[in-house]
Amino acid sequence: MTQSADSLPVYSIRDLLAGQANLQTQVTIQGWLRTRRDSKAGLSFLQISDGSCFATLQVVATNELANYTDAILHLTSGCAVRCSGTLVESQGRGQSLEIQASAVEIVGWVENPDSYPIQPKQHSFEFLREVAHLRPRTNTFGAIARVRHVAAQAIHRYFHEHGYYWVNTPLITASDAEGAGQLFRVSTLDQMNLPRTDKGDIDYSKDFFGRETFLTVSGQLNVEAYCLALSKVYTFGPTFRAENSNTTRHLAEFWMIEPEIAFADLDDLVALAEDFLKYVFRAVLSECPDDMAFFAERIEPQAIKRLETLIEQPFQRVDYTAAIEILQQSGKKFEFKPEWGIDLQTEHERYLTEQHFNAPVVVVNYPDEIKAFYMRLNDQRDGEPGRTVAAMDVLAPGIGEIIGGSQREERLDILTQRMQAHDIDLEQYSWYVDFRRYGTVPHAGFGLGFERLVSYITGMANIRDVIPYPRVPGNAGF
RNA sequence: UCCCCGGUAGCUCAGUUGGUUAGAGCGGGUGACUGUUAAUCACUAGGUCCGCGGUUCGAGUCCGUGCCGGGGAGCCA
């Protein structure tokens with residue numbers, strides 16, 4: 001609560017609906033008009049949103065107000081207003097409280113009401129992406145913004161309460177072979193006049209950092225260093241991938257959460273993933289009930305139900321080898337035939353999580369051949385045609401892979417063998433190998449795509465709609 | 001990057017086998033009516049049918065091409 005110019009207390013709609021002001025007291029709210037409904041009996045109903053919560057507040061303005069005819073009757077969707085008056089119980093249905101206005105000040109008009117893009121009606125998400133600067137004024141994008149915030153806060157809170165330290169890994173990196181995707185180049189060289197070496201190559205020794213640099217595709221390698229000193233750490237920050245991916249679940253710029261735990265194996269990691277996800281889902285359900293009710297009503301009917309179910313049930317867990325057998329015995333015709341050694345295709349993941357288990361599934365112990373060099377090599381086990389690594393993916397219905405992680409290879413000799421097999425430059429990664437020389441311990445970590453998490457929570461089908469300003473191939477507008 | 005689908009009013013869309021002056025709902029304006037709930041009713045304004053080229057007596061409609069958007073696949077979180 002603050003004081004307005006005429007010294008009436010200014011409230012957020014959220015606080016008023018939470019009962020922070022008494023009935024029959026004078027209050028002020030500030031926000032944007034959603035709709036205006038007139039009664040020629042001489043009063044208008046103004047539906048005001050200030051984004052503090054999903055609900056709007058109704059302001060009743062009568063023709064006794066000095067600016068009623070000249071101004072209030074000309075208000076359109078999107079106008080910014082400051083409304084003062086008496087907080088009362090509503091005489092009409094549909095809302096509990098309303099404000100009987102003693103003053104309605106128009107702070108900002110809408111210049112062209114006939115072409116203002118955000119109308120009180122259903123818009124397509126495709127259209128709203130083209131007005132990404134105005135879409136937060138809609139119910140849907142306001143709700144997404146609040147859920148996104150609450151989820152982010154819950155993530156930090158979970159780790160903080162469980163003794164993890166947040167580590168800020170660099171966004172600019174010189175590692176060009178992390179194996180997680182194509183990189184965006186970071187350079188200050190004059191592109192019209194590039195310095196060249198004797199051989200005719202671009203001379204990056206003349207570049208800002210004196211070498212080739214890129215935007216990070218993962219903080220994992222860097223955060224392992226802090227894991228092997230602070231025991232329990234995590235990253236939460238932006239990540240960049242220059243893949244030419246045009247799907248509903250890929251962004252060129254997205255936010256990733258990467259916990260890393262020392263003295264831990266794959267079982268510990270799977271347990272963390274489950275406990276962590278359930279904590280975040282519980283927080284969103286309890287802190288954003290109105291927003292979640294909206295998603296269940298308009299976006300995804302199962303939005304609330306599936307989170308509640310997920311919180312109650314233990315995660316399904318299946319070995320890669322067993323998953324392949326399930327797929328083979330499903331009787332379903334897949335475009336890519338499931339065979340031991342292949343990576344699980346989208347159609348396979350969808351079958352497992354949406355049909356066979358109908359719940360989030362953790363697939364563990366993938367073939368060595370298809371996974372990254374830093375994943376820990378398992379001992380050969382009966383029934384497995386080849387060697388596997390201690391990797392795990394969490395698959396969610398409708399989204400697919402939401403988490404990918406592994407126990408890390410802590411044995412020096414095996415790690416260096418694997419790096420050579422993967423053509424990794426040992427010289428460049430000597431600092432990473434050092435951890436295995438100086439007090440090495442079993443450790444494990446995973447990466448969680450924050451936008452994929454928000455997609456799953458809200459039921460929003462396209463990942464471009466759960467980040468304020470999506471960056472995708474061919475589009476970096478706003 | 002590959003495969004499909006689409007682009008008509010501010011928005012959502014319709015538009016017949018190619019045929020006169022391209023329509024509706026919502027939104028805007030004006031008016032009527034009502035403690036209203038995406039209010040209702042009447043009237044009204046509003047169009048480079050994505051761009052370029054072609055076929056045709058005639059193209060929103062058919063063909064080619066470019067741009068943009070969407071869905072799916074791959075890559076992955």
Side-chain angles (χ1 to χ4, degrees), chain A residues 34-47 55-62 73-78 88-95 98 100 110-131 134 138-139 178-182 217-220 235 238-258 298 335-336 343-347 349-350 370-372 393-396 399-405 446-456 461-465 467 472-475 477:
Chain A
R34 281 287 174 76
T35 60
R36 187 193 88 230
R37 294 180 294 272
D38 301 325
S39 161
K40 274 297 182 318
L43 65 160
S44 292
F45 302 95
L46 310 179
Q47 206 77 45
T56 55
L57 192 63
Q58 175 163 287
V59 172
V60 183
T62 71
L73 280 181
H74 294 92
L75 285 171
T76 55
S77 295
V88 297
E89 276 184 57
S90 180
Q91 296 172 35
R93 285 181 206 156
Q95 61 279 319
E98 65 187 23
Q100 292 283 353
V110 166
E111 196 174 66
N112 297 308
D114 55 339
S115 60
Y116 177 62
I118 308 300
Q119 300 167 3
K121 59 167 283 190
Q122 195 137 24
H123 290 98
S124 68
F125 295 135
E126 292 84 355
F127 167 70
L128 290 170
R129 267 170 232 150
E130 292 168 13
V131 287
L134 298 174
T138 63
N139 278 333
E178 289 174 32
Q182 295 291 110
V217 293
S218 165
Q220 179 203 317
T235 71
T239 306
F240 307 88
R241 304 223 174 140
E243 302 285 353
N244 193 3
S245 298
N246 292 285
T247 78
T248 55
R249 54 193 182 282
H250 287 88
L251 293 165
E253 176 185 286
F254 64 99
W255 287 63
M256 189 153 64
I257 297 109
E258 297 169 293
R298 295 293 185 86
E335 193 185 332
F336 294 88
D343 207 354
L344 294 181
Q345 304 292 310
T346 298
E347 56 177 343
E349 295 181 346
R350 291 183 75 104
I370 57 173
K371 288 293 183 183
D393 283 355
V394 178
L395 312 178
I399 304 292
E401 186 179 340
I402 193 167
I403 283 179
F446 64 71
L448 164 71
F450 184 53
E451 284 75 18
R452 288 190 181 175
L453 181 74
V454 178
S455 283
Y456 183 70
N462 194 319
I463 201 163
R464 298 167 195 202
D465 295 327
I467 190 166
V472 295
N475 196 339

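Throughout, protein chains are lettered first and strands after them, A, B, ... in sequence-line order, and every chain is numbered starting at 1. Just so we're clear, the structure is a prediction, and the values are computed from it rather than from any experiment.
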Length of the CG-P vector between A/Leu57 and B/G35, whole Å: 21 Å
Considering every strand and a 4.0 Å limit on heavy-atom distances, what is the contact class for A/Phe45: base, sugar-phosphate, or nothing? base
Please check: side-chain N/O of A/Asn475 versus main-chain N/O of A/Gly477, any donor-acceptor pairing under 3.5 Å? yes
Could one point to a donor on the side chain of A/Gln119 or the base of B/G27 with an acceptor on the other under 3.5 Å away? no
Would you say B/G74 has OP1 or OP2 under 4.0 Å from some side-chain N or O of A/Gln345? yes
Are OP1 or OP2 of B/U36 and a side-chain N or O of A/Ser39 less than 4.0 angstrom apart? no
Distance check: side-chain N/O of A/Arg249 vs OP1/OP2 of B/A73, anything under 4.0 Å? yes
Would you say A/His123's side chain and A/Pro117's backbone share a donor-acceptor pair under 3.5 angstrom? yes
Taking N and O atoms by type only, does the side chain of A/Glu98 place a donor or acceptor under 3.5 Å from a partner on the base of B/G35? yes
For a 4.5 angstrom cut-off between non-hydrogen side-chain atoms, does A/Val472 reach A/Asn246? no
Please examine the side chains of A/Met256 and A/Gln220, heavy atoms only from C-beta on, and report whether any two atoms are closer than 4.5 Å. no
So, does A/Thr35 get its side chain near the phosphate of B/A39, meaning an N or O under 4.0 Å from OP1 or OP2? yes
Could you tell me the separation between the NZ atom of A/Lys121 and the P atom of B/A24, rounded to a whole number of Å? 15 Å
Report yes if the side chains of A/Glu335 and A/Glu347 come closer than 4.5 Å at any heavy-atom pair, otherwise no. yes
Using atom types as modelled and distance alone, determine if a side-chain donor or acceptor of A/Arg241 lies under 3.5 Å from a backbone N or O of A/Val217. yes
Expressed in whole Å, how much space separates the P atoms belonging to B/U34 and B/G70? 47 Å
Using the 3.5 Å cut-off, write out each protein N or O paired with an N or O of nucleotides 65-67 of chain B and the distance between them.
none

So, is A/Arg464 close to the B/G70 phosphate, meaning a side-chain N or O under 4.0 Å from OP1 or OP2? yes
Sidechain-backbone polar pair: A/Glu258 side chain, A/Gly219 backbone, donor-acceptor under 3.5 Å: yes
Check the phosphate of B/G27 against A/Ser77, side-chain N and O only, distance under 4.0 Å to OP1 or OP2. Yes or no? no
Please tell me if the side chains of A/Trp255 and A/Thr239 come closer than 4.5 Å, counting only heavy atoms from C-beta onward. no
Mind checking who B/U48 pairs with, Watson-Crick or G-U wobble, both distances under 3.5 Å? none
For B/C2, what is the paired nucleotide under Watson-Crick or G-U wobble rules, both distances under 3.5 Å? B/G72
For A/Asp38, give me all partners under salt bridge (Lys or Arg N to Asp or Glu O under 4.0 Å), at least two apart in sequence or on another chain. A/Arg36
What about A/Gln100, does its side chain sit under 3.5 Å from the base of B/G35 through a donor-acceptor pair? yes
Taking CD from A/Glu111 and P from B/G28, how many angstroms apart are they, rounded to a whole number? 17 Å
When only distance counts, do a donor and an acceptor, one from the side chain of A/Asp38 and one from the base of B/U34, lie under 3.5 Å apart? no
A/Phe127 side-chain proximity, nearest of B/G29, B/G72, B/U12: B/U12
Watson-Crick/G-U partner (both atom distances under 3.5 Å) of B/A22: none
Kindly point out which of B/G35, B/A73, B/G27 is positioned nearest to the side chain of A/Thr247? B/A73
Select base, sugar-phosphate, or nothing to describe what A/Ile402 touches, counting heavy atoms under 4.0 Å on all strands. sugar-phosphate
Across the strands shown, which category fits A/Ser44 at heavy-atom distances under 4.0 angstrom: base, sugar-phosphate, nothing? nothing
For residues A/Ile463 and A/Ser455, report the shortest heavy-atom separation together with the two atoms involved. CA-OG, 3.9 Å
Determine: side-chain N/O of A/Asn246 to OP1/OP2 of B/C75, distance under 4.0 Å, yes or no. no
Taken to the nearest whole Å, CZ/A/Arg34 to C1'/B/A39 is 17 Å
Rounded to the Å, how far apart are A/Tyr116 OH and B/G46 C1'? 20 Å
Under 3.5 Å, is there any donor-acceptor pair linking the side chain of A/Ser245 to the base of B/C75? yes
Mind checking if A/Gln58 touches a base, just sugar-phosphate, or nothing, with heavy atoms under 4.0 Å? base
Within the pair A/Arg36 and B/U36, is there a side-chain N or O less than 4.0 Å away from OP1 or OP2? no
Value in whole Å for how far the C1' atom of B/G71 lies from CG of A/Asp465: 14 Å
Using a 4.0 Å heavy-atom cut-off, does A/Asn475 contact any base of the nucleic acid, only the sugar-phosphate backbone, or nothing at all? sugar-phosphate
Would one find a side-chain N or O of A/Arg37 under 4.0 angstrom from OP1 or OP2 of B/U36? no
Nearest non-hydrogen partners of A/Arg34 and A/Ser77, listed with the distance: O-OG, 2.7 Å
Out of B/G35, B/U30, B/U12, minimum distance to the side chain of A/His74 belongs to B/U30
Give a yes or no on whether a donor-acceptor pair under 3.5 Å exists between the nucleobase atoms of B/C76, that is its base, and the side chain of A/His250. yes
Measuring from the side chain of A/Gln122 (C-beta onward, heavy atoms only), which nucleotide among B/G74, B/G70, B/A38 has the closest atom? B/A38
Tell me which nucleotide, if any, is Watson-Crick or G-U wobble paired with B/C43 when both distances must be under 3.5 Å. B/G29
For A/Glu126, report the nucleic acid contact type (base, sugar-phosphate, nothing); a contact means any heavy atom under 4.0 Å. sugar-phosphate
Considering Watson-Crick and G-U wobble pairs with both distances under 3.5 Å, what does B/G53 pair with? B/C63
Counting any heavy atom closer than 4.0 Å, what does A/Ile403 reach on the DNA or RNA strands: base, sugar-phosphate only, or nothing? sugar-phosphate
